[in-house]
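Below: one structure, written as structure tokens.
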Amino acid sequence: MELRLRASASPASASARGTVVSPTLRRRSSSLPIQQRLASGAVSVSTRGPAARRSRCSTLMAAAYRTGTADLVDFNWETLGFQLVPTDFMYIMRSSTDGVFTNGELVPYGPIELNPASAVLNYGQGLVEGLRAHRKEDGSIVLFRPAENALRMRKGADRLCMPAPRVEQFLSGVKQTILANKRWVPPTGKGSLYIRPLLMGSGAILGVAPAPQYTFVVFVCPVGHYFKDGLSPISLLTEEEYHRAAPGRTGDIKTIGNYASVVSAQKRAKDKGHSDVLYLDPVHKKFVEEVSSCNIFMVKDNAIITPLLTGTILPGITRRSTIEIARNLGFQVEERLIAIDELLDADEVFCTGTAVVLSPVGCVVYHGRRVEYGNGKVGVVSQQLYSALTAIQKGVAEDGMGWVVQLN
């Protein structure tokens with residue numbers, strides 16, 4: 001299958017490559033910032049040949065840096081939430097028919113064309129990952145445990161019968177994408193750069209079978225808090241009809257289908273004024289599993305308890321990091337089954353995940369019963385763990401774990 005990119009570029013760079021640009025389009029698009037021109041799709045650029053793509057990308061990177069400062073884009077960081085903000089470049093690497101990934105490259109951020117018979121479109125053969133990069137006070141960029149994301153993608157790929165990039169290939173693609181979009185990493189204290197690696201069966205196939213070709217993509221986006229109220233406690237509605245995952249299925253990997261299936265329940269919860277959905281196990285329908293896109297913890301006395309990983313819960317990297325930090329701080333940490341009634345009797349409840357980081361829960365609703373925690377304030381333990389975790393993630397505290405990777 002031929003996978004083609006249709007991405008936009010500045011009229012100046014397009015003319016330099018011999019692309020015909022109408023005078024009207026030239027006048028209209030030349031007044032836009034380079035990032036908007038890249039994302040608008042106003043100019044269609046050929047991607048024929050690796051040399052042409054590298055030359056095009058180099059030209060556009062130079063144009064992007066001329067448009068703003070090399071260090072930071074002109075952007076209203078105070079309004080930053082958790083929504084898509086198109087940046088300048090993305091990374092693409094394809095596999096050969098024998099499943100070997102080679103020749104990854106940076107290209108302008110833009111749409112990707114797929115054959116309508118591709119496995120990812122027809123059968124959901126795809127995985128996502130998520131991680132963050134932060135800007136330190138000295139302007140350097142740090143990543144948090146990126147190798148763990150690479151390993152988790154490889155585990156998921158094995159489950160879905162997909163080849164995956166090697167860990168070093170994954171890390172290289174992530175680092176190149178961040179550095180190419182460095183000016184989009186928010187200033188210290190204003191947010192972070194969210195990194196989204198994708199692995200998909202891009203090859204065309206009619207019957208249910210592994211795709212003949214795969215594509216690895218990395219794009220990035222500056223983000224603020226996942227929930228609109230930031231660190232303020234959130235409200236969870238316990239789902240009583242649907243389940244997020246089932247034993248023997250794919251609840252413990254980041255396959256794309258896991259997220260499509262939670263949208264309906266999540267929308268109903270938000271329509272009722274809640275932040276998200278709390279899911280119970282599908283067998284007994286009484287044990288807490290996780291929230292739509294994050295793990296859950298409870299605090300009772302001096303113990304921090306989180307559901308045991310039984311194959312239906314995603315093994316979150318932030319979850320594991322929180323457990324290790326809590327133990328280092330002297331807390332007793334338990335991984336075991338948690339009945340919903342036990343959660344309702346907790347002293348504190350909080351969620352963890354790459355997107356939410358660590359978010360305190362202010363109330364849980366179950367069978368119409370509303371239980372509140374902390375009188376609408378962040379719990380003491382939640383605040384302590386949040387501060388310790390984010391200090392390491394942002395590179396402002398000593399990293400005794402070796403979790404932080406600094407980019408040059």
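Given the structure is predicted, the values throughout are model-derived calculations rather than measurements. Side chains included, hydrogens not; waters and symmetry mates left out as well; all remaining heavy atoms used.
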Measure centre to centre between the rings of [X] and [Y], then say whether the value is under 6.0 Å.
{"X": "Phe170", "Y": "Phe216", "answer": "yes"}
{"X": "Phe297", "Y": "Phe350", "answer": "yes"}
{"X": "Tyr194", "Y": "Phe82", "answer": "yes"}

So, [X] side chain and [Y] main chain: donor-acceptor pair closer than 3.5 Å or not?
{"X": "Gln169", "Y": "Phe101", "answer": "yes"}
{"X": "Glu290", "Y": "Leu314", "answer": "yes"}
{"X": "Ser95", "Y": "Tyr214", "answer": "yes"}
{"X": "Glu348", "Y": "Val380", "answer": "yes"}
{"X": "Arg154", "Y": "Pro165", "answer": "yes"}

Side chains of [X] and [Y]: does their closest heavy-atom pair fall under 4.5 Å?
{"X": "Tyr109", "Y": "Asn181", "result": "no"}
{"X": "Leu358", "Y": "Ser382", "result": "yes"}
{"X": "Glu137", "Y": "Val396", "result": "no"}
{"X": "Pro212", "Y": "Thr97", "result": "no"}
{"X": "Ile296", "Y": "Pro307", "result": "yes"}
{"X": "Ser359", "Y": "Tyr386", "result": "no"}
{"X": "Thr255", "Y": "Leu160", "result": "yes"}
{"X": "Asp88", "Y": "Pro108", "result": "no"}

- Near Arg249 CZ, under 6.0 Å, is it more than 12 heavy atoms from other residues, nucleotides or ligands? no

(request) Kindly check if the number of other-residue, nucleotide or ligand heavy atoms within 6.0 Å of CG (Asn103) is above 12? (result) no

Test side chain to side chain donor-acceptor pair (under 3.5 Å), reference Asp271, set Arg268, Lys267, His274, output is Lys267

### Message
side chain to side chain contact (heavy atoms under 4.5 Å, CB included) for Leu385 and Ile304? Distances and angles first, verdict last.
### Response
CA-CA 11 Å; Leu385 291 173; Ile304 297 174; 3.8 Å; yes

Test side-chain contact (heavy atoms from CB on, under 4.5 Å), reference Ser202, set Ile112, Leu121, Leu114, output is Leu114

query = side chain to side chain contact (heavy atoms under 4.5 Å, CB included) between Tyr91 and Phe219: does it pass, once the steps are laid out?
reply = CA-CA 7 Å; Tyr91 180 87; Phe219 70 90; over 6 Å; no

| request: Just say parallel, tilted or perpendicular for the rings of Phe75 and Trp77, cut-offs at 30° and 60°. | output: tilted

Note: Glu334 and Ala303 closest approach over all heavy atoms is OE2-CB, 4.1 Å

If you measure from the Lys or Arg side-chain nitrogens to the Asp or Glu carboxylate oxygens, is any gap between [X] and [Y] under 4.0 Å?
{"X": "Glu78", "Y": "Lys190", "answer": "yes"}
{"X": "Glu148", "Y": "Arg319", "answer": "no"}
{"X": "Arg244", "Y": "Glu289", "answer": "no"}

